[in-house]
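Notes follow once the structure below has been shown.
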Amino acid sequence: MLIKEKELKKFFNLSYGEKAPSREEWESLYNKQVKFIDPTQEKNGIEAYIKAQDGLIKRCDDIYLESHSIAINKNIAFVEWTMGLKIKGLEFLYDGTTRLIFDEEGKIKEHRDYFDFCSGTFGNVPVIGAFLRWLYSRFVD
């Protein structure tokens, strides 16, 4: 069973103030042995995945996620998105892409997020932000 774009949009769109997906919703979409990777962590299994999502939600005052485009080809999907995290009165924005690989039943068996954690987190912090921009420029100039 192939997943449809409409189903993915449900999980990759969340407005500030909205409730995140429930455990049952995550379990309906993800394989029990899912492998989750992002720039800050690697988790294996649905329990670890849900715990990681719950941890992010608990660390933030509010979260939003907006998908911009979704492409599905056979058992692989890519989702381009923007994520906003409100923490202690500050808003952190991250633009990123997720690659999803589906199993034979149409559930996600691998979820990998690609985004620039450092710029989104520290880019606007005095001194640290300037240092990061300088450091990045050393690699591209």
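The shown structure was predicted, so the numbers you read here are calculated from the model rather than taken from an experiment.
Taking CE from Met83 and CG from Asp113, the interatomic distance works out to 7.5 Å, rounded to the nearest 0.5 Å. Interatomic distance, Ser69 OG to Lys9 NZ, rounded to the nearest 0.5 Å: 9.5 Å. The distance from the OG atom of Ser67 to the CD atom of Glu5 is 7.5 Å, given to the nearest 0.5 Å. Distance check: His68 NE2 to Trp81 CH2 gives 9.0 Å after rounding to the nearest 0.5 Å. To the nearest 0.5 Å, the span separating CZ on Phe115 from OG1 on Thr97 amounts to 11.0 Å. Atoms CD1 and NZ, from Ile57 and Lys19 in turn, are 10.0 Å apart once rounded to the nearest 0.5 Å.
Grouping the Ile, Leu, Val, Met, Phe, Trp and Tyr side chains by contacts below 4.5 angstrom, directly or via other members, places Leu132 with Phe117. Leu56 and Leu90 end up in the same hydrophobic cluster when Ile, Leu, Val, Met, Phe, Trp and Tyr side chains are linked at under 4.5 Å. Criterion: ILVMFWY side-chain heavy atoms under 4.5 Å apart, direct or through other members. Under it, Ile128 and Phe92 are part of a common hydrophobic cluster. Leu93 and Ile63 fall into different hydrophobic clusters, defined by Ile, Leu, Val, Met, Phe, Trp and Tyr side-chain heavy atoms under 4.5 Å apart, directly or through other members.
Residues that satisfy the side chain to side chain contact (heavy atoms under 4.5 Å, CB included) test with Asp95, not counting sequence neighbours, are Thr82. In this view, Ser22 and Glu24, Glu25 satisfy the side chain to side chain contact (heavy atoms under 4.5 Å, CB included) rule, not counting sequence neighbours. When the side chain to side chain contact (heavy atoms under 4.5 Å, CB included) test is applied to Leu135, the partners found at least two apart in sequence or on another chain are Phe131, Phe139. In this view, Ser15 and Glu18 satisfy the side chain to side chain contact (heavy atoms under 4.5 Å, CB included) rule, not counting sequence neighbours.
Using a 4.5 Å cut-off on side-chain heavy atoms (C-beta onward), Glu42 and Lys35 make contact. Under the 4.5 Å side-chain criterion, counting only non-hydrogen atoms from C-beta, Lys32 is not in contact with Lys107. You'll find the side chain of Tyr94 reaches within 4.5 Å of the side chain of Leu85, heavy atoms only. No side-chain heavy atom of Lys109 sits under 4.5 Å from any side-chain heavy atom of Val34. The side-chain heavy atoms of Phe12 and Leu100, taken from C-beta on, include a pair separated by under 4.5 Å.
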**OP:** Go through the steps to decide whether Asn31 and Ile46 satisfy the test side chain to side chain contact (heavy atoms under 4.5 Å, CB included), and finish with yes or no.
**Re:** CA-CA 7 Å; Asn31 179 301; Ile46 190 69; over 6 Å; no
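Checking Asp116 against Tyr136 by side-chain atom types alone, a donor-acceptor pair falls below 3.5 Å.
A ring-ring contact (aromatic ring centres under 6.0 Å, His included) check over residues 31-61, counting only residues at least two apart or in different chains, returns the pairs Trp26-Tyr49, Tyr30-Tyr49, Phe36-Tyr49, Phe36-His111, Tyr49-His111. For residues 55-65, no pair satisfies side-chain hydrogen bond (donor to acceptor under 3.5 Å, both in side chains), with sequence neighbours left out.
When atom types are taken as modelled, the side chain of Asp38 and the backbone of Gln41 share a donor-acceptor pair closer than 3.5 angstrom.
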